[in-house]
Amino acid sequence: MNIASVVVDVAVRQTDRPFDYEIPSRWEDMIQPGMRVIVPFGPRHVQGFVLETREEAESRKLKPIVEPMDIAPVLNKELLSLADWLTAESLCFKISALQAMLPAAMKAKYSKHIRITGDHTLSQEAQALFGSREEITWEEAAETGALAEVRREVKKGSLDVVYSVKSKGQKKTIRMVQCPLSEEELAQTIHSMPKNAVKQKEALQFFQGIAGNWVPLKETGISSAVAKALIEKSLLLEKQEETYRDPLAGRTFELDQPLELTQTQKAVIEPILAKIKEDQSETFLLHGVTGSGKTEIYLQSISEVIKKGQEAIVLVPEISLTPQMTDRFKQRFGDDVAVLHSGLSTGEKYDEWRKISRKEVKVVVGARSAVFAPFENIGLIIIDEEHETSYKQEENPRYHARDVAIWRSSYYQCPVILGSATPSLESFARAKKGVYKLLTLSERVNDRPLPSVDIVDMREELREGNRSMFSRNLFEKIKDRLQKGEQTVLFLNKRGYSSFIMCRDCGFVPECPNCDVSMTYHRHRHQLKCHYCGHEELSPNVCPECGSEHIRHFGTGTQKVEEELLKLLPEVRIIRMDVDTTGTKGAHERLLKRFADKEADILLGTQMIAKGLDFPDITLVGVLSADTMLHLPDFRAAEKTFQLLTQVSGRAGRHTLPGEVVIQTYTPEHYSIQLAADQHYEAFYEQEMQVRKAGGYPPFYFLALITVSHEEAITASGEANKIVANIKPELSPAAVMLGPVASPISRINNRYRWQCLIKYKREPKLGTVLKQVLEHYAKQGKSNGLMVSVDIHPYVLM
DNA sequence: AATGGTCAGCTG
DNA sequence: AGCTGACCATTC
């Protein structure tokens, strides 16, 4: 008999293994590994992925596959084995790995219906529920409280519960029509139409001269009622044709030409092209200061790959995946480019995925998950801004796009380019060790000078009586730009209005009732919001503790900066960009366009403006508070601060006008701020490496984070202790186990959280040991409510 | 995850 | 006896 082993869509430890199903003979030639199928699982139907098919001589009792969901595999051999690797590497469930590689539209949608079987007579109560219908939804029955009655009837056999599985996303189709008559017949028919059939006559006239051609109904101008009448008379034929939703509808791109490379660019691209030509895998770390022309290197390398008949993947952090960025690829490669970003609807993403899968494009530009693009002849993978932490996925499967890229490059024997002006310490250290090949672009194209940077000590400002959030230095410079008609970018890494509120009389700070974090104040709805569990409540006007009316809004958000700025300079035109103003689709693009069109003097925003914007008239960049990030409980805080400041400073003076940067800080002496001002990457690298070495952090050690949570703090800490005690003897003496300690956010959603951090260099057994821990708690922990999660190479230590 | 089976405890 | 809710094993 023919057997398929199937991983089912039930993401828990107990079902995290393949189940065997019989392949019914009618699907025998059809069912292949990598296909989605619907299978019976227990009493219901679920989606599953076929891992492999085989023939067994002996027949055994297996349930048959209900039906395939695809006509061709959605995952090829390579992606299936990548899923194996991902599962082992990140300790996730196989189903999570498989699903991570496909667009959300391919996730299953489940529904439950209750149907009358007709075998027995229904009770009156049930009859009332159905009315004249044959079938109702489960939800409907549940709402009316009739489930008990339904259960009885099901037992009796008069009702049936049917489970259905559907793919979430649908292919979009358009209605096509054709006139099947010959031209002569058509002319005759039109002539002999009854006089009152004006519309039908008109419709047929449309087909004169093009009879036999398929035309989209929309383009014919024929109403659907008229079309229906003609189809009934067989004067027209119709069919549904698959089509793509077009996110770029109405936009055309004029192709541009490769730019002439500078000497340094040539020196850098040469080894990349060599590896492409030789079909060899190699990871390049392209370290190029902002404005040094990294993108042109990417574009010309991709050209080479396309020339060879291969494909390329380009990863870009979500926040810099702007039209400005993707247009450069569209302009160079035209229709050969697919773009995957979060702004697309589920359906649009699905369509882009299908274009890739059918090899209708050669290049994919997208955020993290685009690393799974289903190409089968990859010639190059590029990760731009490789230091960005958003390349690490924080849910299962907890993978890092860089690792996936390198895995795929070794499968396809092609190079990887990691590009950044401020490489992650991990990557730079690997480049220094020779694991990656380091390529450096140290000059800006056209030798534009780097902007001059002023560091302003805000403590000093305060001492001299300036209590505003703008230093005198920055304020003067802003006024100067206004006069000259040049543009300013102000950067702040906070969102909302104020980050928290506090009673000035008793010091009370409202905290989330479910989590141990202070709540964030959102002014537009005068609400307090918890960023961890989503809890919302109205912001109090009097202190709930002491009844005082003196409530102060602490921390400075973009809204507040805007207000203060308008107070000081009433006529200034500001565009504010943060999560609040860019929430709607395309808002990001619209705001940037307005700024580019010089409809505003100042662009004020959070993280999202740190990247990629490149306008000629920006001559001033102000960082309002450089150290908000520096004091987070994160060993990467200094690195992130350095990267951000360097990145932001790069926004100024990219064109003919020289740029200036003002960095305001309360810790001007910190090396990450000093060295960012000097744009001195290597010096920062050396210094930070010392710190990491002393602390035993990456890149000197690998990390694994175990988090244990439970409703009772005692249970969480007790079990965390047990876990540590169990793991410790399994590891080599060189491994360090920190904790368990309460997590920095010690409670989320009413669950207390304890964590321990493992620092290690080489622990071949670690994966197995951690998997055992997870399995143990999957069995035992389910009943006592304990949850254990493991993050290998964590980026978020909270 | 979701389901059906088992079983203790309660109602009448 | 009949029903409900808690617990728990099972899912090819």
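The chains referred to below are lettered A, B, ... by the order of the sequence lines, with proteins before strands, and numbering in each begins at 1.
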- Quick one: A:K63 NZ to B:dT3 P, roughly how many Å, whole number? 13 Å

- Message: Rounded to whole Å, how long is the line connecting atom CG of A:D9 with atom C1' of C:dT11?
- Response: 14 Å

- Message: Whole angstroms only, please: what is the CD-P distance between A:Q14 and C:dC12?
- Response: 15 Å

- Could you tell me whether A:P40 contacts a base, only the sugar-phosphate backbone, or nothing, with contacts defined as non-hydrogen atoms closer than 4.0 Å? sugar-phosphate

- So what does A:F41 touch, heavy atoms closer than 4.0 Å: a base, only the sugar-phosphate, or nothing? base

- Message: Does A:R17 reach a base, just sugar-phosphate, or nothing at all? Heavy atoms under 4.0 Å.
- Response: base

- Message: Is there a side-chain contact between A:R115 and A:L159 in this structure, where contact means two heavy atoms from C-beta onward sitting under 4.5 Å apart?
- Response: no

- Using atom CZ of A:R151 as one end and atom C1' of B:dT3 as the other, report the distance to the nearest whole Å. 11 Å

- Query: Which of parallel (below 30°), tilted (30 to 60°) and perpendicular (above 60°) describes A:Y760 and A:F702?
  - Reply: tilted

- Message: Rounding to an integer number of Å, can you tell me how far A:Y163 OH sits from B:dA1 P?
- Response: 17 Å

- Query: Within this structure, what is the OH-to-P distance between A:Y21 and C:dT11, rounded to whole angstrom?
  - Reply: 10 Å

- Message: Distance alone, cut at 3.5 Å: any donor-acceptor contact between the side chains of A:E318 and A:S390?
- Response: no

- Partner of A:Q47 under side chain to side chain contact (heavy atoms under 4.5 Å, CB included), picked from A:D9, A:V7, A:V8, is A:D9

- Task: Compare side-chain N and O positions of A:K112 against OP1 and OP2 of B:dT3 and report whether any pair is under 4.0 Å apart.
- Result: yes

- Message: In this structure, how many angstroms lie between the C1' atom of C:dC12 and the CG atom of A:L62, rounded?
- Response: 6 Å

- Task: With heavy atoms under 4.0 Å as the rule, sort A:F93 into base, sugar-phosphate or nothing.
- Result: nothing

